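Labels below follow one simple rule: chain letters A, B, ... track the order of the sequence lines, proteins then strands, and each chain is numbered from 1. This is a predicted model, so every value here is computed, not measured.
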Amino acid sequence: MKYVNVYIQNNIAKIDRLYTYKLPENMELKPGMRVQVPFGKGDRNRVGLVISIEEEYKLEYDLKEIIKVLDYEPILSEDLLELGFWMKEKYLTKYNQSFSPLLPPGDIKVIQKIAVIKEEYVPKEDEVAFFKELEKNKYNLSFVDDNLQYGKLVRDLINSSVLSIEYKVETQISAKILKAVKLKEDYLSRISKGNLKLTEKQLKVVEFLQDKGEVLRSELLKELEISDSPIKSLETKGILEILDREIIREPYEEVAATKLNTLNMEQIKAFRGILNSKKTVSLLHGLTGSGKTEIYLKVSEEIIKEGGQVIVLVPEIGLTPQMIERFMGRFSGRVSVLHSKLSSGERYDQWQKTKNGEVDIVIGARSAVFAPLNRLKLIIVDEEHDSSYRFHNALRYDTVEVAEKRMELLEGKLLLGSATPDIITYYKAEKGLYDLFELKQRAVVGARLPDIKIVDMKKELIKGNTSIFSELLRKHMAEKLEKKEQIILFLNRRGFSNFVSCRSCGHVIKCDNCDISMTYHKNTNILRCHYCGSTKKMVSRCPECGSKFIKQFGVGTQQVEEEVKRIFPRAKVLRMDRDTTVQKNSYDEIYNKVKNREVDILIGTQMLAKGLDFENVTLVGVIAADLSLYISDYRANETTFELLTQVSGRAGRSQKGGDVVIQSYNPDNYSIVYASNTDYENFYKRELKIREQYNYPPFSKLINVNFSSEDERYIDEVASDVLLDIVKSVGGYKLEYTRIIRMLRIKNIFKSKFTLKVDPDYIKELTESIKGVLIKNKDKIEKYNIYVDVEFI
DNA sequence: TCTAGATGGCAT
DNA sequence: TGCCATCTAGAA
């Protein structure tokens, strides 16, 4: 007798584990196949994924049997299964968190029971109603479940072999549904008959709809800058109706073939080096515009020639159209693009195509690292420093680490590319763990580096200029508008939090222990460090210079937009941020508008920093370079350097050259200065020293242990028990830890956390300890309904 | 999360 | 005693 361990997809912490079933003697099964199993008290049918098959079963438990095998071939290859286990161990996640991303898109647990009727069967008189119903439901038997009479009839029909049941596993393809708004046909008569008085806003809505007919609700809200309530009240008055509209997403179009570019000497050296490297990981460090993409293409070509397959990861697929175009052009017909705007159905098709070996290259965002390619030999991670690859709330793994592991398992190569590599990555390359290749020339002959100037905003304030634009930036803007050249204004609000800064001297209130800016909590009027939990009273005067112009900082893109419109009323302005690009194709629209010069000034956040190449953009203005300096994160300087470098790269993509104006209250900050000189090496050296001084990564590894619950009472008690146990269980190595920090309550969920800091060489041991301690405290955690998660940051 | 089965109140 | 609403533990 054999025993099968099965993973059943769900996101309920309480039942997140593997389940063991007996394997019937005559059943053939391999790990990675899906099976149908009885589950729960009612033995409901569920789909499970076979994780492993064992010869013995030791525990006393009355095991159930597997009902049916659903696949002929494993849908998950061995390396992916192993990767799943590896992630689970490394990141201490739930099964669901480490196995779900591996599975085909859609919901594997939905099983349809389809009736198959013997062809020649003629229904008896009392069965006619049932057969009609059956036809109406397209032979799907789900309607029988709540009808006792039919249940008996179905059993009888099965016994007399008239009816047999076919189980169909369907990936749940949920169409994208958005709300649309439309005037009711008789709205005019309703208004006149009911003698209704409409408010100003309601009137605006009616007029808009008279003009446009049917409009998406989100569009209406945005266009008229109103809230939902006028629409709601119009609906209750019976003047308009709100409808569900299905949005159909278009898959990626084919593009024209791109021609081969010849490589310069530097590129050839890197290309050969990467191919011949004996190490799993190569880091390609090259300026923006130094031709990294060309090397990606060449290396991919070689790998494919040898019968391999390639995955290309990009930070956000919608933002890198040029990269995709070039791959599609070069490897026409053999590329699958996992676009974030694909519908689930299209996504599923792409998955199938990949699994069937119909493509050589998969391009996609982070989750494409699990693409089911059978001959995978190369993974390319473009802009490897990008934070979307790294461990965070929604992503319980580090994409680069996973890619490295997968390439180790398959004996392939991982190629990391960036103009501003992650400090940790560069450190590893420097230590010789990765091979390093540098590109220092620009690939396009004649393209000049932009002229970058830093403006001290404190001096502007002394001069009496309280506007958000410095004189220099305003002057440049006027010039470029005159010349009909285009301008990008950038506001790096990434990770924006409420830090407190002095407008006179630029001083920012930082934590005494952590060198990290403190967060202002408005309701309690205190400053708190989100790293160690220590607090300070909010100040009314700057502790540095005594000025009373000290307050929490915050400028929004909307504010910038208003100011631009005020100063340059005739300029055509477009704003691009999360709010304006949620709509389908809105990114492409903005892209095309800028490309066709329908826009003079483009205002936006970090989305602008990535991959936008426009010849006619000759001025980039950074409104407040400081904003990203004070996010409560040890990476603040790194993030600032990255953003400034990337956004500066948007100016002067052609022979026209360009200007960059960086406004800052801290013009001497090293990340700003080095970014303005495009000097990665020196930035790296300086940053590394500081990291060493404060023992931040790469010299340590940080782990957050989070406790959340709807019930406030026991969280801190349990958290401190766990912390104490972890500290007790540590042997032979040094562990730093913070106190227990109470976080802001979000959606009525209370959350507390503590942070552990450990030598990276002992991360495995510490992970094991945490795992052990969590198992030890399991009863307590479950009793008080506390959810624990571990973040490796 | 889902639901079989236990529990207990209440009408008959 | 039967019936239903509500609660609760367990999922292999």
Q) Hey, does the side chain of K41(A) come within less than 4.0 Å of dG10(C)'s phosphate (OP1/OP2), counting only N and O? A) no
Q. Closest to the Y57(A) side chain: dA12(C), dC2(B), dT1(B)?
A. dA12(C)
Q.
Just so I know, are the side chains of P372(A) and L76(A) near enough to count as touching, which here means a heavy-atom distance under 4.5 Å?
A. no
(Q) Expressed as a whole number of angstroms, how long is the span from Q9(A):CD to dA12(C):C1'? (A) 18 Å
Q: Round to a whole Å and report the spacing from CG of L49(A) to P of dA12(C).
A: 18 Å
Q: Mind calculating the distance between OH (Y21(A)) and C1' (dA11(C)) to the nearest angstrom?
A: 8 Å
Q. Would you say V4(A) and T20(A) make side-chain contact, with heavy atoms under 4.5 Å?
A. no
Q: Report the distance from atom CZ of F39(A) to atom C1' of dT1(B), rounded to the nearest whole Å.
A: 10 Å
Q) Separation of E782(A) atom CD from dG10(C) atom C1', in whole Å? A) 11 Å
Q: Mind checking Y61(A) for me? I need base, sugar-phosphate or nothing, with any heavy atom below 4.0 Å counting as a touch.
A: base
Q.
Rounding to an integer number of Å, can you tell me how far N785(A) CG sits from dA9(C) P?
A. 12 Å
**Q.** Atom-pair distance (CG on N96(A); P on dA11(C)), nearest Å
**A.** 19 Å
**Q.** Nearest-Å distance for atom pair CG/C1', residues D43(A) and dA4(B)
**A.** 11 Å
(Q) Quick check on the 6.0 Å ring-centre criterion: do Y397(A) and F370(A) meet it? (A) yes
(Q) Against D79(A), only a single residue in R406(A), R375(A), K405(A) fulfils salt bridge (Lys or Arg N to Asp or Glu O under 4.0 Å); can you say which? (A) R406(A)
(Q) Quiz question: going by heavy-atom distance under 3.5 Å, is there a donor-acceptor pair between the base of dA11(C) and the side chain of K14(A)? (A) no
